[in-house]
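Here the structure is a predicted model, which is why all the values come from computation and not from measurement. Counting starts at 1 for both ligands and their atoms, following the listed order.
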Amino acid sequence: MVVIGAGQAGLSVSYYLQKLGLDAGNEFVVLDRGPGTGGAWQFRWDALRLGSAHRINDLPGLDALGLSFETADRTRPAKDVVADYYRQYEDHHQFHVVRPAVVTAVENAGAELAVTFSNGEYDQTVTSEVVVNATGTWGSPFIPWYPGLPSFTGAHVHTNNYVNAADYAGKSVVVVGGGTSAIGFLLELEAIAADLTWVSRRPVDFRDDGDLNLEARVEAVRMQDDAARAGRALPSIVSGTGVPRTRRIQAGIDRGVLTPRPMFASIEPDGVRWEDGTFQKADAIIWSTGFRPELRHLAPLKLREKEGGMQVANGIAFRDARIFFAGYGPQASTIGANRAGRMIARQVVATLSKLQAARNSRQLSTFRFVSDAAF
Ligand code: FAD
C-alpha cells in the first residue's frame, strides 16, 4: 500500500502500520515531495520557534529515541528542529521514504489504484489496493479575491513564502489575517518595516486564558468534522479557536501594533483602499489567510462533492473506501495527526485483510512498481 506525504500525519500512519506488522519499503511505501524531512515544517519562516507555535505534539513513539518537542531547543528555528527530529524518526524506523516523489495523479486501475509520481526527472507509477493521503495543506495557500488584486505592483506574499523580516526593511507592509501567523509577522516586522498595517476580516478573538481553551479547540475540531462529513469545504481553524492572549501578544496590543483595522475593500497598484475612501500605501501585502487541503492529485478519482469538499468520516472517503485521509479536517493538528495515524492504520490493515481473504492468495502487501526505472 502507498502513503502519500511524510509529515506528522503520514509518519504517524507509518508508525502504526509498522506496529501492526507491515514491513516498511516492502509492504508499504511512503512517497514525499520533500526535498528534506520535516513535512511542511521544513518550509516555515526563519523566526518561528517551537515556543511561538501553539504546541507540537510528539510523534508516536518519539520518546524511544530520547526525543521530545517539549524539551527541544527553543532558540533554533522550528523548521530545523522538526526536520531534524523527523529525520531521526524516519531513520530509526527505517521507513525508507521515497523523496523527492511528487505525486501527480491517483487513478483507478481496475480494482487497484495507480499512483503516478515524479522525481523531477521522470515519472513512475506504483499500483496499490489502498492509498493513505497525508498531503497536508502547505502546498495550497489561499488568498481571498479583492477587486484590483492583480493590479498591485508590490509583492503579494503568502505565509507559505514569507522567509524573514529583513526582506521588508524600510517598506510599507499590510498584513492580512486574524491568526497567530499574522500576529507573528506583525511582531517581527514592527521594528523593521517603515509602516505596518494589520487588517482582519473578522474581529480578532483574543482569548484570555493564555492558551487556546479546551472548549474552543473541541468546538473547532467539531466544526471541521461536521464539514468533512457533509462534504463541505473546510472552515478556517482560527474561526474556531481564537488567538491566545499571551504576554507577548498583550504587550503588542498595548503598544498598538496588534490593533486590526477592518478589511480593505479594494487593492490599487500601490496600496489598499477601504470603503470609506481611506488609502494605505503598500510595498507588500502579506496574506496570512490560510490554506486549503492539497488534493489536486486525487482529481481523477472524482471524490469532490458539489458542496465543495470531500466527504470524509473517520479518515475514510465516502465515495471510495480504498482512499484514506490522514491529517484532514478534524485531524489537522499534530495531535489530530497522531490520533489519525492509529485509527487509519487499523482500518487499512482491516481493509487489506478483507481483500486478502477475498482473494485468498498472494501476501498481505500490496504495492507494485509498474515501471522498472530506478529512483
Ligand atoms: P504536512 O506537514 O504538510 O505534511 C504533508 C507532506 O505531504 C509534506 O511533506 C508534503 O511535501 C507532502 N506532499 C504534499 N503533497 C504531495 C504530493 N502531491 N506528492 C507527494 N508529497 C506531497 N499544528 C500544531 O499542532 N501545532 C502548531 O504549532 C502548528 N503550527 C502551525 C503553523 C502554521 C503556519 C501552519 C500552516 C500550520 C500549523 N499547524 C500546527 C498545523 C500543522 O501544519 C499540522 O499540525 C501538521 O504539522 C500537519 O501535518 P501533516 O502531516 O498533515 O501535513
With heavy-atom distances below 4.0 Å as the criterion, list the atoms of ligand 1 near [X].
X      : answer
Asp32  : 6 (C), 7 (O), 8 (C), 9 (O), 10 (C), 11 (O), 12 (C), 21 (N)
Glu294 : 14 (C), 15 (N)
Phe291 : 36 (C)
Thr334 : 23 (N), 24 (C), 25 (O), 45 (O), 47 (O)
Gly5   : 6 (C), 7 (O), 12 (C)
Ala134 : 5 (C), 6 (C), 7 (O)
Ala9   : 50 (P), 51 (O), 52 (O)
Ile4   : 19 (N), 20 (C)

Could an N or O of ligand 1 be found under 3.5 Å from any N or O of [X], whether backbone or side chain?
X      : answer
Tyr86  : no
Thr137 : no
Ala40  : yes
Gln42  : no
Ile335 : no

Can you find a non-hydrogen atom of [X] under 4.0 Å from ligand 1?
X      : value
Tyr328 : no
Arg296 : no
Ser181 : yes
Trp45  : yes

* Structure fact -> Looking only at non-hydrogen atoms, the one of Ser333, Ala101, Ala6, Ala326 nearest atom 44 (C) of ligand 1 is Ser333

* Pick, from Arg33, Arg44, Gln331, the option with the minimum heavy-atom distance to atom 31 (C) of ligand 1. =>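 Comparing heavy atoms across Arg33, Arg44, Gln331, the nearest one to atom 31 (C) of ligand 1 lies in Arg44.
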
Would you tell me whether [X] and [Y] have side-chain atoms, one donor and one acceptor, within less than 3.5 Å of each other?
X      : Y      : answer
Gln347 : Asn314 : no
Gln280 : Asp195 : yes
Thr159 : Ser288 : yes
Glu112 : Thr127 : yes
Thr116 : Thr104 : no

* Asked: Sequence neighbours excluded, which residues qualify as ring pair (Phe, Tyr, Trp, His ring centres under 6.0 Å) partners of Phe142?
  -> none

* Structure fact -> With sequence neighbours left out, the residues meeting ring pair (Phe, Tyr, Trp, His ring centres under 6.0 Å) with Phe291 are Trp138, His158

* To do: Please state which part of Val102 comes within less than 4.0 Å of ligand 1, counting heavy atoms only: side chain, backbone, both or neither.
  =>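 For Val102, only backbone atoms sit under 4.0 Å from ligand 1.
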
* Going through the distances and angles, do Asp84 and Arg87 end up as a salt bridge (Lys or Arg N to Asp or Glu O under 4.0 Å)? -> CA-CA 5 Å; Asp84 180 22; Arg87 182 186 49 74; 2.7 Å; yes

* Do Tyr168 and Tyr162 have ring centroids that are under 6.0 Å from one another? -> yes

* Asked: Do the two ring centres, one from Trp45 and one from Phe185, sit under 6.0 Å apart?
  -> yes

* Could you tell me how the ring of Tyr328 sits relative to the ring of Phe325: parallel (under 30°), tilted (30 to 60°) or perpendicular (over 60°)? => tilted

* Check the angle between the aromatic planes of Tyr146 and Trp287 and answer parallel, tilted or perpendicular using the 30° and 60° thresholds. =>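 Answer is parallel, since the angle falls under 30°.
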
